[in-house]
Amino acid sequence: MENKGIADIFVEIADILDIQGENPFRVRSYRNAARTIENMSQRVEAMVKAEENLEEIPGIGKSIHEKIEEIVSMGKCRFLEELRAKVPAGLTELLKLEGLGPKKVKLLYDELAVDSVDRLEKAAQAGRLRDLAGMGLKTEEKILKSIEKYQAGLGRFKLSVGFIYAQALLEYLKDVAGVKRLDPAGSFRRRMETIGDLDILAICGKGCKVMDRFTEYGDAAEVISKGETKSSVRLNCGLQVDVRVLEEESYGAALHYFTGSKAHNIAIRDRAKDLGLKVSEYGVFRAKDEKRLSGAKEEDVFKAVGLPFIQPELRENRGEIQAAEKGKLPHLIELADIRGDLQMHTAATDGKNSIAQMAQKAKEMGYSYIAITDHSKAVRVAGGLDEKGLARHLKEIEKVNGQIPGVRLLKGVEVDILADGSLDLKDDILKESRVVIASVHSRFNMEEKEMTRRIIKALKNPNVNILAHPTGRLILEREPYKVNLPEVFQAAIDEGVVLEINAYPDRLDLRDVDARLAKEMGAKLVISTDAHSALQMELMKFGVFTARRGWVEAKDVINTLPLEAMLKILR
DNA sequence: GCCGTTTTCGGCCCGACTGTTTTCAGTCG
């Protein structure tokens, strides 16, 4: 079973225990374990089979370890089956509705036998909710709205989408009189691949009307709540935005707190407690008498617990606190480190612009080299090139080379890995290409062993020097194909093939945790945009964000090197 | 259920907002 499947089992256990009114900390343990497992790049099933000690993973103890073993060997969890027998299946689904938690779900079930979203909708429409204890007309209306939203499937948004809405809103709010400072926080600031909402923090002068202006925002579809220090609206696109107004003296503590992640914050607070301190969004306090010690700057929080500043992208409680303690935080790669882009497409296949236009854009980006890498013939919808077509195209690239001073064009191709692991173009023509990117664009639903063999076979072709988007996933749209990544990484290392972090915001593939594993195993990485137009070359930043979240440093990434040094690594 | 360089028992982050209440429970992040 995949990690996601195991994680889902623990989420369901947590949901049912929650509804049953179990000890909330016990519930949290299951949720923590689920989150940990889902975020791991190693497959838990493989770890069990290799008899690795799962209890060394933080948040996994004896009980959850035993359940994982059972799930791996039997394909199911008896404990979950027992729980399911006690609680109707629809109740856990009700928890997904905004504003409904375990207590209300239980109440609805006990009083009105509501056990599905459908029944809840009917009960609400019939006006039967308003008479329940602790509920009223407003709750009933809110629940109907939640159901509507839920059915519309509004969930998470890609980071790149978040950027568009965040920039527009920040532009609007910064002109409000009295606004001194605005910062996005939350998963947006940590540059997660998707965001569930947008958190914006503000410092304002006396009498500032920022909350009024915010809730009047033209793109707001609905005002969810409005208060002195916190307001929330939902934009027309469905994205929820929270604005919080803070005092200058506690701004740093708040920025830290609202940046998260939750797991990182808990770990920091825990550490503070051991030191006789209390850290909250209002500052750092001495525990015994609540005396305020600091909090104006974000650095204050880290300083108070004896740590250097930790970059937001690392704050996931994935070892950053221990690394900071030992002075071993990575020196994260930055956008300015990038000297070239090694995957892009032109009008010769499914791109929009010419070779020269791409080169011109590279000049604007300050790059010293790019590789032009159009598709091979197997990608029919993209008008992929056959041997003849590529030969002509390579000559074109050569012709344009030198027309834009300072930018060297490398002849390249993105060649398809066919179902049997052979390549879509003959070796003769691949030899003519300096950058040969291999990638999978078809037959995604193979078994893991077969897919792993397929990719490794392609890596063994001596002409291949980059493996692109190694898992094939499309964020929020398509799951990654089944593949044993550690095996693929090892093969890439052995063969001298570079692994791509695809910067295209729909892909971000390798994802953060996978990039980290690859780096730790000793693989070389490249961050490429896969641009299909000149403008898309600006998407490089999203690849850099992903790399940073994967603890990647400039020295791990070949396109931070000057051309000659980079070419030496590219076999 | 997990965890431990004070602890193997007794903690586990904590505050804002809403809607229902007349002081607070539930939900959220």
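A note on names: the letters A, B, ... follow the listed sequences, proteins ahead of strands, and every chain is numbered from 1.
If you find the closest nucleotide of DNA chain B to A:L100 and to A:T139, the one lying nearer the 5' end belongs to A:T139. Across the interface with DNA chain B, nearest-nucleotide mapping of A:G61 and A:K226 shows A:G61 to be the residue nearer the 5′ end.
Counting distance only, with no hydrogens placed and no angle test, the side-chain atoms of A:Y257 and the base atoms of B:dG15 include no donor-acceptor pair under 3.5 Å. No hydrogens or angles were tested; on distance alone, a donor-acceptor pair under 3.5 Å links the side chain of A:N23 to the base of B:dG1.
To the nearest angstrom, C1' of B:dC17 lies 10 Å from CZ of A:R244.
Rounded to whole Å, the separation between the C1' atoms of B:dC12 and B:dC17 comes to 24 Å. Taking atom C1' in both B:dT18 and B:dT23, one finds a spacing of 15 Å when rounded to whole Å. B:dA25 and B:dT6 have their C1' atoms separated by 36 Å, given to the nearest Å. Rounded to the nearest Å, the gap between the C1' atom of B:dG29 and that of B:dC13 is 11 Å.
A donor and an acceptor atom, one from each side chain of A:Y30 and A:K67, are located under 3.5 Å apart. In the model, A:Y251 has a side-chain atom that pairs as donor or acceptor with a side-chain atom of A:D183 under 3.5 Å.
Salt bridge annotation for A:K62-A:E55: absent, with no cationic side-chain nitrogen under 4.0 angstrom from a carboxylate oxygen.
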